[in-house]
A.B. asks: 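The structure is given below, and queries will be raised subsequently.
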Amino acid sequence: MCGIVGYIGQQDSKEILLKGLEKLEYRGYDSAGIAVINDNGVRVFKEKGRIAVLRQIVDQTEQAPVGIGHTRWATHGVPSQVNAHPHQSTSGRFTLVHNGVIENYSIIHREYLQDVELKSETDTEIIVQVIEKFISEGLEIEEAFRKTLTILKGSYALALLDSKDKETIYIAKNKSPLLIGLGDNFNVVASDAMAMLQVTDQYVELMDKEMVILKQHSVTIKNLEGTVIERNPYTAELDASDIEKGTYPHYMLKEIDEQPAVIRKIIQKYQSDDNQLVIDQDILYAMNAADRIYIVAAGTSYHAGLVGKEYIEKMAKIPVEVHVASEFSYNMPLLSEKPLFIFISQSGETADSRGVLVQIKELGYKALTITNVQGSTLSREADYTLLLHAGPEIAVASTKAYTAQIAVLSILAAVTAEAKGLGLDFDLVRELGIVANGMEVLRDAKEEMERIALEYLATTRNCFFIGRAIDFYVGLEGALKLKEISYIQAEGFAGGELKHGTIALIENGTPIIALATQERVNLGIRGNVKEVVARGANPCIISMKGLETEEDRYVLPSVNEMLTPLLSVIPLQLISYYAALHRDCDVDKPRNLAKSVTVE
Ligand code: M6R
């Protein structure tokens with residue numbers, strides 16, 4: 001949440017910052033701003049709304065080779081011009097952008113800044129004001145910056161300009177992601193390598209509680225005790241085409257279409273030279289040593305975790321619990337004797353999940369992170385990582401990461417089963433290949449999905465998704481997808497549960513999207529559909545070949561029953577996409593949301 005960029009070099013920084021912010025807009029889009037510095041001093045441009053709005057107010061007449069920028073997801077204070085970053089100290093000497101949440105900002109205000117009149121409602125302004133306060137007490141800038149960092153509690157990625165020194169950007173990180181990018185005659189800072197891929201693919205990772213003195217020709221990393229830290233750069237393995245929309249109108253549609261390729265890539269990445277599925281031995285050891293697995297995740301990743309539970313229990317015969325991360329910390333269940341934790345997170349940065357990871361590490365338990373982002377916080381802090389290999393997911397609504405999570409979980413379960421000597425009655429590589437082919441068929445079903453969206457969802461105010469067994473979990477994901485991008489009130493239910501209360505909401509024409517991909521519950525779910533139809537509902541049944549009846553609206557290609565979530569979610573993603581499109585919603589950047597949720 002919130003994105004940061006900074007540039008120090010010889011070129012005019014403004015366009016580099018604006019382009020960088022455009023690539024970070026997925027992290028929040030309530031307001032945006034940049035501050036640039038040249039011989040005439042610091043200039044700040046900031047506005048409520050998107051980068052496109054900011055672009056219109058940036059004065060391009062003066063060149064400025066140093067600058068910082070920010071795109072905001074509001075936490076402290078409403079989205080507004082005043083609350084937009086960068087924030088300045090009262091004298092205007094210091095200018096700061098911040099990603100994260102300062103938990104003790106009101107204490108700092110009370111203890112250090114009683115005489116300072118704040119302009120904004122943000123926690124960020126406290127930081128820049130306290131730096132100025134320490135300077136007024138006689139500290140040099142580096143000392144004042146370091147002292148400020150030592151009193152901050154919470155999460156931060158910071159970039160600071162000092163108008164008296166146009167040759168330095170002061171940078172710091174704790175819990176919020178931040179990278180330094182290296183170039184010839186310039187250096188950059190960014191929340192995500194994607195933002196600065198336009199100028200460099202060479203990056204240096206930063207660890208928590210580190211600060212950086214960034215200059216055009218040098219990068220000095222120090223810990224808060226002042227010790228200099230040496231760290232080698234790495235090459236960001238991102239292809240510029242991965243982060244562009246290409247010919248697609250929206251990232252979400254592009255990412256939905258990428259799913260067959262992602263499944264094939266996962267198969268390839270997890271296969272050995274002799275075509276066997278392989279998982280790191282240490283992970284297998286940890287899986288087999290566990291008497292119970294706790295999957296912890298949020299949102300779509302939580303829904304993937306529910307499917308993962310099915311796989312691990314059915315294939316590897318290890319009991320699994322799936323928990324919503326934001327609840328786990330405060331409501332920890334009674335743990336088994338030898339638990340193993342699996343964190344599922346596309347971004348690897350979700351604060352709710354990280355909170356649990358920190359907690360369980362303190363208790364001495366092992367953790368595996370399944371993530372799309374190598375080097376992300378959840379990956380670095382867990383004992384083991386499995387990567388999704390889905391490529392950057394930019395649309396706020398998660399699509400290809402969900403199917404990638406399920407595919408990786410299926411491989412983890414199958415390889416664990418094999419290591420335990422439990423035979424599977426199917427060849428997973430072959431079955432995943434069949435799934436990828438089925439996904440290709442769905443790429444050509446867009447017109448039909450658009451028709452369904454128009455027929456069922458054009459004007460409705462609510463919609464229910466029902467399914468039984470594994471279809472229920474996919475229904476939960478379908479409902480999340482629909483509500484987050486189209487703002488239609490949508491809920492997922494176990495088919496048999498409706499009659500215990502929710503059926504009271506069924507009126508004439510209420511759309512019900514029912515999934516029927518599981519043979520053993522096929523009759524059951526069809527019975528549930530009849531119950532709601534008798535009360536006026538408008539049913540849209542999505543079934544699988546071999547289980548279909550005449551009343552079905554769409555029939556999916558046949559795949560292994562365990563793997564149907566990989567396929568049945570795609571019509572739901574597409575229906576949500578078209579419903580949002582026809583309701584004139586901002587598909588890729590739905591209101592109030594951000595891609596990477598780094599606040600608890
Ligand atoms: O990056 P994560 O997978 O940890 O994110 C978790 C949720 O915030 C995320 O899945 C969210 O629910 C998506 N917007 C759903 O499309």
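Every number for a ligand or one of its atoms is a count from 1 in the order of the listing. The model shown is predicted, which means the values in this text are computed figures rather than measured ones.
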A.B. asks: Quick one: look up the protein heavy atom nearest atom 6 (C) of ligand 1 and list residue, atom name and how far away it is.
C.D. replies: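 That would be A298 O, 3.3 Å.
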
A.B. asks: Just jot down the ligand 1 atoms closer than 4.0 angstrom to any heavy atom of S398, in number order.
C.D. replies: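 What qualifies from ligand 1 is 15 (C), 16 (O).
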
A.B. asks: To the nearest 0.5 Å, what is the distance between CG on L178 and CD on E205?
C.D. replies: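 One finds 11.5 Å between CG of L178 and CD of E205.
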
A.B. asks: Would you say the side-chain atoms of E237 and Q374 include a donor-acceptor pair closer than 3.5 Å?
C.D. replies: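 Short answer, no.
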
A.B. asks: In chain order, what residues pass the side-chain hydrogen bond (donor to acceptor under 3.5 Å, both in side chains) check against E440, with sequence neighbours excluded?
C.D. replies: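 For E440, the residues satisfying side-chain hydrogen bond (donor to acceptor under 3.5 Å, both in side chains) (neighbours in sequence not counted) are R264.
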
A.B. asks: Note the single closest protein heavy atom to atom 1 (O) of ligand 1, along with its residue, its atom name and the distance in Å.
C.D. replies: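 Minimum-distance protein heavy atom for atom 1 (O) of ligand 1 reads S347 OG, 2.6 Å.
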
A.B. asks: Among all the protein's non-hydrogen atoms, which is closest to atom 15 (C) of ligand 1, and how far away is it?
C.D. replies: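 Residue, atom and distance for the closest contact: T300 OG1, 3.0 Å.
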
A.B. asks: Considering the heavy atoms of S345, write down every atom of ligand 1 situated less than 4.0 Å from one of them.
C.D. replies: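 Reading through ligand 1 atom by atom, the close ones are 1 (O), 2 (P), 3 (O), 4 (O).
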
A.B. asks: Are a donor atom and an acceptor atom from the side chains of S301 and Q405 found within less than 3.5 Å of each other?
C.D. replies: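 Indeed, the side chains of S301 and Q405 share at least one donor-acceptor pair under 3.5 Å.
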
A.B. asks: For atom 14 (N) of ligand 1, what is the closest protein heavy atom, and at what distance to 0.1 Å?
C.D. replies: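 For atom 14 (N) of ligand 1, the nearest protein heavy atom is E484 OE1, 2.9 Å.
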
A.B. asks: Which heavy atom of the protein is the closest neighbour of atom 4 (O) of ligand 1, given with residue, atom name and distance?
C.D. replies: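 In this structure, atom 4 (O) of ligand 1 has T350 OG1, 2.4 Å as its nearest protein heavy atom.
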
A.B. asks: Would you mind listing which atoms of ligand 1 come within a distance below 4.0 Å of any non-hydrogen atom of V396?
C.D. replies: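 Numbered from 1, ligand 1 contributes 13 (C), 14 (N), 16 (O).
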
A.B. asks: Measure the distance from atom 8 (O) of ligand 1 to every protein heavy atom, then report the residue, atom name and distance (to 0.1 Å) of the closest one.
C.D. replies: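 Nearest neighbour among protein heavy atoms for atom 8 (O) of ligand 1, to 0.1 Å: V597 CG2, 3.7 Å.
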
A.B. asks: State whether a side-chain donor-acceptor pair under 3.5 Å links D588 with Y26.
C.D. replies: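 No, no side-chain donor-acceptor pair sits under 3.5 Å.
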
A.B. asks: Got the closest protein heavy atom to atom 3 (O) of ligand 1, with its distance?
C.D. replies: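 Ranked first by proximity to atom 3 (O) of ligand 1 is S301 OG, 2.6 Å.
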
A.B. asks: Side chains of D257 and Y248: donor-acceptor distance under 3.5 Å anywhere?
C.D. replies: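 Side-chain D/A pair, D257 to Y248: present.
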
A.B. asks: List ligand 1 atoms under 4.0 Å from A397, heavy atoms only on the residue side.
C.D. replies: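 It comes down to these atoms of ligand 1: 16 (O).
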
A.B. asks: Please list, chain by chain and in numerical order, all residues satisfying salt bridge (Lys or Arg N to Asp or Glu O under 4.0 Å) with R591, sequence neighbours excluded.
C.D. replies: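 With neighbours one apart ignored, the set is empty.
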
A.B. asks: Quick check on contacts: which atoms of ligand 1 are under 4.0 angstrom from a heavy atom of K481?
C.D. replies: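 So the answer, numbered in order with elements, is 15 (C), 16 (O).
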
A.B. asks: Is it true that E477 and K481 have a side-chain N and a carboxylate O under 4.0 angstrom from each other?
C.D. replies: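 Salt bridge flag = yes for K481 with E477.
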
A.B. asks: Taking the six-membered ring for Trp, are Y473 and H303 ring centroids under 6.0 Å apart?
C.D. replies: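 No, the ring of Y473 stays outside the 6.0 Å limit from the ring of H303, centre to centre.
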
A.B. asks: Return yes when E349 approaches ligand 1 closer than 4.0 angstrom through a heavy atom, no otherwise.
C.D. replies: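 It does not; every heavy atom stays at 4.0 Å or beyond.
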
